[in-house]
Structures are given as structure tokens and as C-alpha cells.
Amino acid sequence: MRVFSLCLILLCLNISTFPVLGSTDETPSPIPELQQSITEHSGTFNGKKITYSVHAGDHFLYDDKHAPKANIYSTAYFANSKKGKADPARPLLFIFNGGPGSSSVWLHMGVFGPKRVDLPSNGEAVGAPPYKLEHNALSLIDSADMVFIDPVGTGYSHPLGKYEGSAFWGVKEDAQIMAEFVRAFTRKHNLFNRPKYLVGESYGTTRAGAMVKELQEGWGTTDLSGVMLISSIVDFQTGDFKEGNDLPYITFLPTYAATAWYHDVIDRSRFPNLPVFLDAVRDFALGEYATVLLKGNLATDVERSSVLAQLHAITGLSTAFLQRANLRINEFYFMKELLRDKGISVGRLDSRYVGKEGDLNADRFEADPSGYAIDGAYTALVNQYMRDELNVNRDVRYQILSGKVFGAWNWLYESNARSQGFLNVTPFIAKAMRQNKDFRVFVGNGYYDLATPFFATEHSMNHNGIDASRVTMKYYEAGHMMYIHKPSLKALVADIRTFLQEQ
């Protein structure tokens, strides 16, 4: 699961086979000792000298009978106030990644935290250690306090007592326990009256949408100032290549085109730059292309020929391949096919990356080049950082990515699959905007992200009752983890700072 658990688009998943989730009647496991580490640090961030404390450790959550059910591990950064009391207007960010089954290491050590994994910006793989951990002068610690959360089954987080992982491994179950953590952390540190944002990446954006519902609906709510969605997937119809669902072929097309542009396999002379080219692709995707797909067998030979020619021009794929595909390009076929003649595939998380392939006739790549190119560095350096600087030295594995969590995930938000259709948490965000006039949404998109394509996110934000006037959409010339590209990192951090200042 090393390659796919960061992203989230599932293939051939039979959700009807999952059992009802909950606790077990078996003999409960012994409750471990709660471990906490508090350390003091200082550094210059965004041109400001900041002293800050780091609270890294466990948080036990309890069921209705006050029996422990889950330990959530988190790493929290609090800037020290010169007045001895935090500014009540200082934002608090609850940050997590996706998978499902991923720890928070990527956003922690890639964007927001005070230390950052240094990777080449040009899509080059890093190979074997030693890797470089650098001071992150762009860290958001000057603008906000931050809590990085590892969901159950990731990092050092795990079930307690009679509970098993299955009690927490599902869309709703996960949102509920993560919302419980937010409330418990707020109580522990007396943060009730601070502006709060949920920040998620990949499936973490799905998690954020579900958590919004858990936190803001009903009595005794925790009202949020908004969510930040990095490489978003909030409506799975836009990205699930199931038979009969034509929408993903439309929403992925601009990312296919961007990838072809980057690898210079198309004629770029008619357009001055990538954004102008992608505007033209958007128009084609929503117009002539969508029309032919919706018409199906009703489309004329002339209409199909016109679409075929334009698909070839904007993707670089051969007309023979496009005809065999019935004008519908599956993402995995695209990754393998685009540069097949060179014996290489392009990455899913970041299509700037390429990898050599063993079986040149296979339909799909053997592994994601943009996954295996970077995950070793993150794994090594987060472990070293925790031991060297945070005084966290445990003789158990810090679970970066868990295939076990991913494989056991319950994708039903509601118990009745017939009533659910495709998983879609966007209406929860729209409802939060209707009921909370201050609720805002930031969306960060990578042009070269073939896991959660930007045009799919645009579709989600333009439907489902979302108030577009409170949505900030930004784009970066990188992939799913756009922050590994330093120019995009700088732009992303500047955009988030501006977003927070506008609260």
C-alpha cells in the first residue's frame, strides 16, 4: 500500500462486504502508560523571531462508560506570547493527511512545521540516505498555532482496551473520533474561544468535510472558521472510474493535458502559457467532449472524429489508443501510455515524475514513481526529528502509511448504500457555510496531480450549494504534494497566510 494509501481513489472496492463496526467482547488489551513530551524551541519564521513549545504525545479518548477506547498521538506547536497569554484572535489549525491510513508527516514535515524535508524541486528521486532536514523559515508558526493529528492506526495512534481498529476505520467512524479529539484537545488547553480551522490533504479533505458535520451540527457545537483543502477529493463521483460514470473522464482531462504539456509531447506553440492552455481544455471538456460522452451512441461520426482529433492534440495519446478507449481515458492507462515508447511511466501523485518500467506492455505502471521517489526521506527524517529534537523516543514503529487501515476502511457514510450513491461530503461544507456566516474555504490545487485533479475539485466547488464567494482557489505548477516544489511551497504558504489574515 506504499503507493496508493496517500491518495484515495479506489479501484474494484466492494463496500457491501464490510461488517458493522464497533467494539469487541474479547478480553481487553492492557492500557499502556500515557506518554507526553514538552520541549522549548526558537527560530526565525517569515522574518520574525519566534519562541515556541512543542507538545508531542498521547491523548486518551473514552467511551460513554468512561472506558478508554483510543489513543490519538499529536504534535502541537504553540508560539510563546510575550504577554504570557495567547492572542484570542490567533488561529488554531488542526492538521492531518489522508490515505485513509496516512500519518500527518507530509503536511507536518513538508509545509507547516518548523522543520522540512528538503527534496529536489524538479521531480528527481532522492534515492538512499542520508537525506537533508532543513529549517523551514516558511513555517506558519508565526501566524497560527498548529496541531498535527495522527488518526487511529497511523503514527503512534491505536485502539485501547476492548476496542479494535475497525471501530474507527470508516468515513463516519473516523470523523467522529477525530472530532472527539478536537473537543478534548480544546478542553485540555482551554482553546474554546480561538478561531479554528481544519486542514486536510487528499483523503484528509474528505475527513475534514465529514468532521465539519460532526463538529458544527447539533447542540454544543464547535463552530469553525473554515477548512483548508490541499489536493482535494470531496465528491467521489468526480474521481471514481466506475462503469457508467462518465464524469471522471471529463474532470481528469485538464490534468492529462497539463502532464502532456510538461513532458512536451504536444504542440505548445498556440498558447502563451500553461494556464491559458488549460482554460481552452476546460472549455473543450465541458463543451464538445462532455456532449459526445453524454450522447453515447447518439453521437455522429463527425462529432466523434472531431473529439478524437482534439483529444490527440491536447493529450499526445495516439488516435489508435483513444479509439480503443472509446474516447474515455482511465487515469492509470494514461500514466502508462503517455511515454510508453520511452519505456517509462508518469507519476500519479505528481505526473512530473517518471519511472522506468519492467513490463513495457502492461496496462499500468508497476509502482508510482512519485511515491517511491520521496517516501523514504520523509520516513527517515520524521523519526530522526522526533528523537533528536522532540524527545520522543519510542521502541515501536511510527506508522507512516498503513495498508491495514486502507484495506479495512468502511466507505459507507450512511448505513444504507442504496441511499448514498457516491461518497460526497461537499454538502456538509455547504451547510456549514449556510449556518456559519464566517465559515470560509481555502483550496490548494496542483496542476500535475493525477490522484485528485484540480478540475474535479472545481466541479465540486461549483455544485452542492457551495457559496463560491467564500472559496479561495489557488493553483500550483506541481502535483499532489505541491510543497515539494519550492516555488509552489512559497506560493502556497503566502496564499495561506493571506487567507488567515482575512479572517
Side-chain angles (χ1 to χ4, degrees), residues 9-12 233 235-272 274-342 345-346 348 351 360-365 421-422 447-460 462-463:
I9 311 300
L10 303 180
L11 298 173
C12 303
I233 174 73
D235 178 359
F236 279 64
Q237 186 176 3
T238 65
D240 198 342
F241 287 87
K242 286 189 178 297
E243 188 173 356
N245 180 27
D246 277 338
L247 187 55
Y249 302 108
I250 298 168
T251 59
F252 273 70
L253 185 60
T255 305
Y256 297 154
T259 304
W261 174 284
Y262 181 84
H263 291 287
D264 199 19
V265 297
I266 58 173
D267 179 8
R268 305 191 302 191
S269 63
R270 293 187 298 127
F271 301 95
L274 178 63
V276 172
F277 170 58
L278 293 179
D279 281 342
V281 176
R282 285 182 178 97
D283 290 341
F284 167 69
L286 289 177
E288 191 173 349
Y289 184 51
T291 299
V292 166
L293 294 190
L294 289 173
K295 280 187 172 183
N297 291 336
L298 297 177
T300 67
D301 289 343
V302 172
E303 289 172 322
R304 290 178 61 85
S305 295
S306 175
V307 164
L308 177 65
Q310 291 180 75
L311 284 177
H312 168 68
I314 64 179
T315 67
L317 299 172
S318 71
T319 55
F321 171 83
L322 292 169
Q323 286 176 320
R324 290 195 303 270
N326 194 25
L327 307 180
R328 291 162 172 83
I329 310 167
N330 179 284
E331 57 171 326
F332 286 98
Y333 294 174
F334 174 83
M335 297 168 209
K336 181 75 174 185
E337 188 68 24
L338 183 68
L339 301 176
R340 183 186 293 274
D341 291 345
K342 297 181 179 180
S345 61
V346 301
R348 182 173 186 242
S351 61
L360 302 186
N361 289 318
D363 291 333
R364 305 182 183 203
F365 55 39
F422 291 95
Y447 282 136
Y448 305 120
D449 180 0
L450 279 168
T452 58
F454 63 90
F455 198 42
T457 301
E458 290 176 8
H459 181 278
S460 300
N462 287 319
H463 294 77

Less than 4.5 Å apart, any side-chain heavy atom of [X] and any of [Y]?
| X | Y | result |
| --- | --- | --- |
| L274 | F277 | yes |
| F334 | T259 | yes |
| F332 | L450 | no |
| Y447 | S351 | no |

What closest approach, in Å, do [X] and [Y] show between heavy atoms, and which atom pair accounts for it?
| X | Y | value |
| --- | --- | --- |
| L253 | A285 | CD2-CB, 4.0 Å |
| I329 | Y256 | O-OH, 2.7 Å |
| A257 | I266 | O-CD1, 4.3 Å |
| V281 | P254 | CG1-CA, 3.7 Å |

Taking the six-membered ring for Trp and the single ring otherwise, decide whether the centroids of F241 and F252 are under 6.0 Å apart. yes
Which value, rounded to the nearest 0.5 Å, describes the distance between [X] atom [atom1] and [Y] atom [atom2]?
| X | Y | atom1 | atom2 | answer |
| --- | --- | --- | --- | --- |
| Q310 | T315 | CD | OG1 | 11.5 Å |
| L317 | Y333 | CG | OH | 13.5 Å |
| D235 | T457 | CG | OG1 | 10.0 Å |
| L286 | F455 | CG | CZ | 3.5 Å |
| S345 | R340 | OG | CZ | 10.0 Å |
| F236 | T238 | CZ | OG1 | 8.5 Å |

Check this for me: D341, atom CG, are more than 12 non-hydrogen atoms of other residues, nucleotides or ligands nearer than 6.0 Å? no
Taking S306 for the side chain and V302 for the main chain, is one N or O donor matched with an acceptor at less than 3.5 Å? no
Please collect all salt bridge (Lys or Arg N to Asp or Glu O under 4.0 Å) contacts where either partner lies in residues 306-330, sequence neighbours excluded, each pair once. D246-R328
Pairs where residues 300-316 contributes a residue and the test salt bridge (Lys or Arg N to Asp or Glu O under 4.0 Å) is met, not counting sequence neighbours: K295-E303
Partner set under side-chain hydrogen bond (donor to acceptor under 3.5 Å, both in side chains) for R282, not counting sequence neighbours: D279, E458
Would F422 and N245 satisfy side chain to side chain contact (heavy atoms under 4.5 Å, CB included), going step by step from the backbone distance to the final call? CA-CA 10 Å; F422 291 95; N245 180 27; 3.7 Å; yes
For V276, check side-chain contact (heavy atoms from CB on, under 4.5 Å) against everything at least two apart and list the hits. F271, P272, N273
Residues that L308 engages under side-chain contact (heavy atoms from CB on, under 4.5 Å), provided they are two or more places apart: T319, L322, Q323, L327
The complete set of ring pair (Phe, Tyr, Trp, His ring centres under 6.0 Å) pairs with one or both residues in residues 288-317, sequence neighbours excluded, reads F284-Y289
